[in-house]
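Written below as structure tokens is the structure these notes are about.
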Amino acid sequence: MESKESEVVIQGIVKDTGIGIPKEIESTIFQSFTQADETVTRKYGGTGLGLSIVKSLLHQMNGDIRIQSPAYPILNIGSAFIFTMKFNLPIKQSIKASINGSGNEKLLFKNPVKILIVDDNPVNLLVAKKMVLKFGGTVTTAESGMASIELVKTNEYDIILMDIQMPVLDGHQTTREIRKLNFTKPIIALTANAYNEDVQNSIESGMNDHLQKPYTKESLFLVITKHLE
């Protein structure tokens, strides 16, 4: 595993003890339904869609895969599939000294804050609610996108914390509908997905920021106060 400040590269290897893959076939082995050796199709079968799908998934994760055959040169058998995956690391954000001081001060909002938390998972809702209450905020919760839309129609909120993966209406769809109601206050995505593509999707749907789960009380406090300011 190779790690940088903003990303981490993971490498793995999978070996088998089969008949191996001829050099002249290696360039086509990741194509759909490719057979490494047509003379042994009945005995060994083809690669089907497996390797093609693997390569496609790795490319989506900024990774790649290559072949080393034979995997065991002395015995002249087997194939080794060496793959890499690249992940962006969440940006490490620290609370300013004026916020946490020596670490003994409580994280408290300077002014009254009304927050709507939207999540279909009761545990996630409870965790976020307890954190916001400790910050001194007033909390309303909604367990679906539709419920949150109805709440926004009849209530005022300073900020919305929005889960992404929800049934019927996901966080992106819900945000678009809420923006149609002329809600201009900040909407923050709370999600386990934090690839660049995920962040971009959140912003394009009308959200203001993107906080990765699991988050700490410090990171939640920071993202809320940043947008309240």
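Since we're looking at a predicted model, the values are computed, not measured.
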- Query: Side-chain contact, heavy-atom cut-off 4.5 Å: L228 with N111?
  - Reply: no
- Message: What verdict does the side-chain contact (heavy atoms from CB on, under 4.5 Å) test give for F183 and L116, after you've listed the backbone C-alpha separation in whole Å, the side-chain angles of each residue and the deciding distance to 0.1 Å?
- Response: CA-CA 12 Å; F183 182 87; L116 173 61; over 6 Å; no
- Considering all heavy atoms, the nearest A189-I164 contact: CB-CD1, 3.9 Å
- Task: Look only at the side chain of S79 and the backbone of T17, and say whether a donor-acceptor pair between them is shorter than 3.5 Å.
- Result: no
- Query: Which salt bridge (Lys or Arg N to Asp or Glu O under 4.0 Å) pairs, counting each pair once, include a residue from residues 204-214, with sequence neighbours left out?
  - Reply: D119-K213, D163-K213, D209-K226
- In Å and rounded to the nearest 0.5 Å, what is the CD1 to CD1 distance from I188 to I159? 4.5 Å
- Residues forming a side chain to side chain donor-acceptor pair (under 3.5 Å) with R66, sequence neighbours excluded: none
- Item | Sequence-distant partners of Q68, side chain to side chain donor-acceptor pair (under 3.5 Å), two or more places apart | none
- Item | Heavy-atom pair of closest approach, residues D120 and Q165 | OD1-O, 3.3 Å
- Task: For E150, check side chain to side chain donor-acceptor pair (under 3.5 Å) against everything at least two apart and list the hits.
- Result: K153
- Are I10 and I65 connected in a single hydrophobic cluster, I mean Ile/Leu/Val/Met/Phe/Trp/Tyr linked by side-chain heavy atoms less than 4.5 Å apart? yes
- Message: I'd like to check I160 versus K185 (side-chain heavy atoms, cut-off strictly below 4.5 Å). Are they in contact?
- Response: no
N/O donor-acceptor pairs under 3.5 Å from side chains in residues 123-148, not counting sequence neighbours:
| residue | atom | partner | partner atom | Å |
| --- | --- | --- | --- | --- |
| S144 | OG | A147 | N | 3.1 |
| S148 | OG | G145 | O | 2.6 |

- Query: Considering all heavy atoms of both residues, which atom of F83 and which atom of I13 are nearest to each other, and what is their separation?
  - Reply: CE2-N, 3.8 Å
- Sole residue of E197, H172, M162 in side-chain contact (heavy atoms from CB on, under 4.5 Å) with S202: H172
- Supply the atom-to-atom distance L57 CG to M85 CE, rounded to the nearest 0.5 angstrom. 10.5 Å
- Task: Could you tell me whether a side-chain N or O of D158 sits under 3.5 Å from a main-chain N or O of K114, the two making a donor and an acceptor?
- Result: yes
- Message: Would L220 and L161 count as a side-chain contact (heavy atoms from CB on, under 4.5 Å) here? Give the steps.
- Response: CA-CA 10 Å; L220 181 61; L161 304 180; 4.0 Å; yes
- Task: List for me each residue that meets side chain to side chain donor-acceptor pair (under 3.5 Å) alongside K180, sequence neighbours excluded, and say none if there are none.
- Result: E177
- Report yes or no: do V113 and L108 belong to one cluster of Ile/Leu/Val/Met/Phe/Trp/Tyr joined by side chain heavy-atom distances under 4.5 Å? no
- Does M166 belong to the same Ile/Leu/Val/Met/Phe/Trp/Tyr cluster as L169, with side-chain heavy atoms less than 4.5 Å apart forming each link? yes
- Distance in Å, Y157 OH paired with I178 CD1, rounded so as to fall on 0.5 Å steps: 9.5 Å
- For the pair N208 (side chain) and I187 (backbone), establish whether a donor and an acceptor sit closer than 3.5 Å, ignoring hydrogens and angles. yes
- Query: Say you draw a straight line from CG of D198 to OG1 of T191; how long is it, rounded to the nearest 0.5 Å?
  - Reply: 6.5 Å
- Query: Taking atom OG of S69 and atom CG of D16, what is their separation to the nearest 0.5 Å?
  - Reply: 8.0 Å
- Approximate separation, where rounding is to 0.5 Å, of T175 OG1 and M207 CE: 3.0 Å
